[in-house]
Amino acid sequence: MDSKVPDPLALLSKRAYTDSMKKSISDVIKEEKVEVTAHVPKESDTWICPLVQMGLYGVRNDQEATSALLEGTERQSSVSLATGYLNLTDEYVDIIRESKAKFRVLTASPQANGFLGAAGPAGHVPYAYIYIARWFYERMRSGERSDRVRLEEYTREKWTFHAKGLWYYLSDSLLPVMTLIGSSNFGMTSLATVHAPTVNTLL
């Protein structure tokens, strides 16, 4: 077993295990940050920064970067945000309400939701997201922000929508100056992902 990865059998409590994992992951991130920074050419105009989100272990790299980007938006700038499952955390919703930037939020329509037609309770999931979208819109209206926050639904026959990302544009820019892409849907499921440690000597 890699010496940097704690052995679950040697740790007697969940707290000890998660603390040890957090330290191991954070150490790797710090090492890579130092290594990459030391080799970035001075003439570079584009940076690609991998982000890590492992909520169970207290590693919230992606969440911190997303919050910083949203909080740092300037007046007259704009943000395009896409998620197949619109269920933003209260933190992100509050930041958007307070921001002076314009937001375009794109999500799946019920017809483009991946759960459409699923058997059992899962088949009702697309309609639950209608309720969440309405809640989000009402939150923007209550803060008198509906004039600069536009909510749109993607729909196309026989297609589902799973695009995820965030694009930030300055007021005088036709192209985004910063982009976040990856697996996050900007909801609690993405931020508090649970990784279940497996104690099995055969693995």
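Just so it is clear, the values below take in all heavy atoms, side chains as well, and ignore hydrogens, waters and symmetry mates. We count residues from 1, following the sequence as given.
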Colleague: With no hydrogens and no angle check, is any side-chain donor or acceptor of R148 less than 3.5 Å from a backbone partner on A101?
Modeller: yes
Colleague: Using a 4.5 Å cut-off on heavy atoms from C-beta on, say whether the side chain of L180 contacts that of K164.
Modeller: no
Colleague: Okay, side chain of S173, backbone of Y169: is any donor-acceptor separation there less than 3.5 Å?
Modeller: no
Colleague: What heavy-atom pair brings P126 and P110 nearest, and what distance separates the two atoms?
Modeller: CB-O, 3.9 Å
Colleague: Over all heavy atoms of both residues, which pair between T66 and Y92 is shortest? Give the atoms and the distance, please.
Modeller: CB-OH, 3.5 Å
Colleague: Could you walk me through whether T160 and Y154 pass the side chain to side chain contact (heavy atoms under 4.5 Å, CB included) check?
Modeller: CA-CA 9 Å; T160 56; Y154 176 92; over 6 Å; no
Colleague: Ignoring hydrogens, what is the shortest heavy-atom contact between L86 and Y129? Give both atom names and the distance.
Modeller: O-CD2, 3.4 Å
Colleague: Taking the side chain as every heavy atom from C-beta outward, state whether L70 and S99 have any pair of such atoms under 4.5 Å apart.
Modeller: no
Colleague: For residues 64-87, which residue pairs pass the salt bridge (Lys or Arg N to Asp or Glu O under 4.0 Å) check, not counting sequence neighbours?
Modeller: none
Colleague: Could you tell me whether W159 atom CH2 has more than 12 heavy atoms of other residues or ligands within 6.0 Å of it?
Modeller: no
Colleague: Taking all non-hydrogen atoms of both residues into account, name the closest pair between Y137 and L151 and its distance.
Modeller: CB-CD2, 4.5 Å
Colleague: According to a hydrophobic-cluster definition based on side-chain heavy atoms being under 4.5 Å apart (Ile, Leu, Val, Met, Phe, Trp, Tyr only), do V177 and V79 belong together?
Modeller: yes
Colleague: Does Q111 have any side chain to side chain donor-acceptor pair (under 3.5 Å) partners at least two apart in sequence or in another chain, and if so, which?
Modeller: S109
Colleague: Do I95 and L69 land in one hydrophobic cluster if side-chain heavy atoms of ILVMFWY residues count as linked below 4.5 Å?
Modeller: yes
Colleague: Which heavy atom of A82 sits nearest a heavy atom of W167, and at what distance?
Modeller: CB-CZ3, 3.9 Å
Colleague: Among residues two or more places apart or on two chains, list those pairs meeting salt bridge (Lys or Arg N to Asp or Glu O under 4.0 Å) that have a residue in residues 98-127.
Modeller: R104-E152
Colleague: Does this structure show an ion pair linking D19 with K23, if we count only N-O contacts that are shorter than 4.0 Å?
Modeller: no
Colleague: For residues L166 and F186, determine if any side-chain heavy atom of one lies less than 4.5 Å from a side-chain heavy atom of the other.
Modeller: yes
Colleague: Can you confirm whether the side chains of T73 and Y168 place a donor and an acceptor under 3.5 Å from each other?
Modeller: no
Colleague: Would you please test V93 and M140 for side chain to side chain contact (heavy atoms under 4.5 Å, CB included) and show each step?
Modeller: CA-CA 8 Å; V93 171; M140 295 301 109; 3.7 Å; yes
Colleague: According to a hydrophobic-cluster definition based on side-chain heavy atoms being under 4.5 Å apart (Ile, Leu, Val, Met, Phe, Trp, Tyr only), do L106 and I130 belong together?
Modeller: no
Colleague: When hydrophobic residues are tied together by side-chain contacts of less than 4.5 Å, even through go-betweens, does I132 share a cluster with L81?
Modeller: no
Colleague: Not counting sequence neighbours, which residues clear side chain to side chain contact (heavy atoms under 4.5 Å, CB included) with I29? List them please.
Modeller: I25, V52, V59
Colleague: To check you understand the geometry: which heavy-atom pair defines the closest contact between Q63 and Q53, and what is its length?
Modeller: N-OE1, 3.0 Å
Colleague: Partners of A65 by side chain to side chain contact (heavy atoms under 4.5 Å, CB included), sequence neighbours excluded?
Modeller: L51
Colleague: Report yes if some heavy atom in the side chain of S24 is under 4.5 Å from a heavy atom in the side chain of Y57; otherwise report no.
Modeller: no
Colleague: Parallel under 30°, tilted from 30 to 60°, perpendicular over 60°: which one fits the rings of Y85 and H162?
Modeller: tilted
Colleague: State which residues pass side chain to side chain contact (heavy atoms under 4.5 Å, CB included) with D172; sequence neighbours excluded, sorted by chain then number.
Modeller: L170
Colleague: I'd like to check F136 versus V149 (side-chain heavy atoms, cut-off strictly below 4.5 Å). Are they in contact?
Modeller: yes
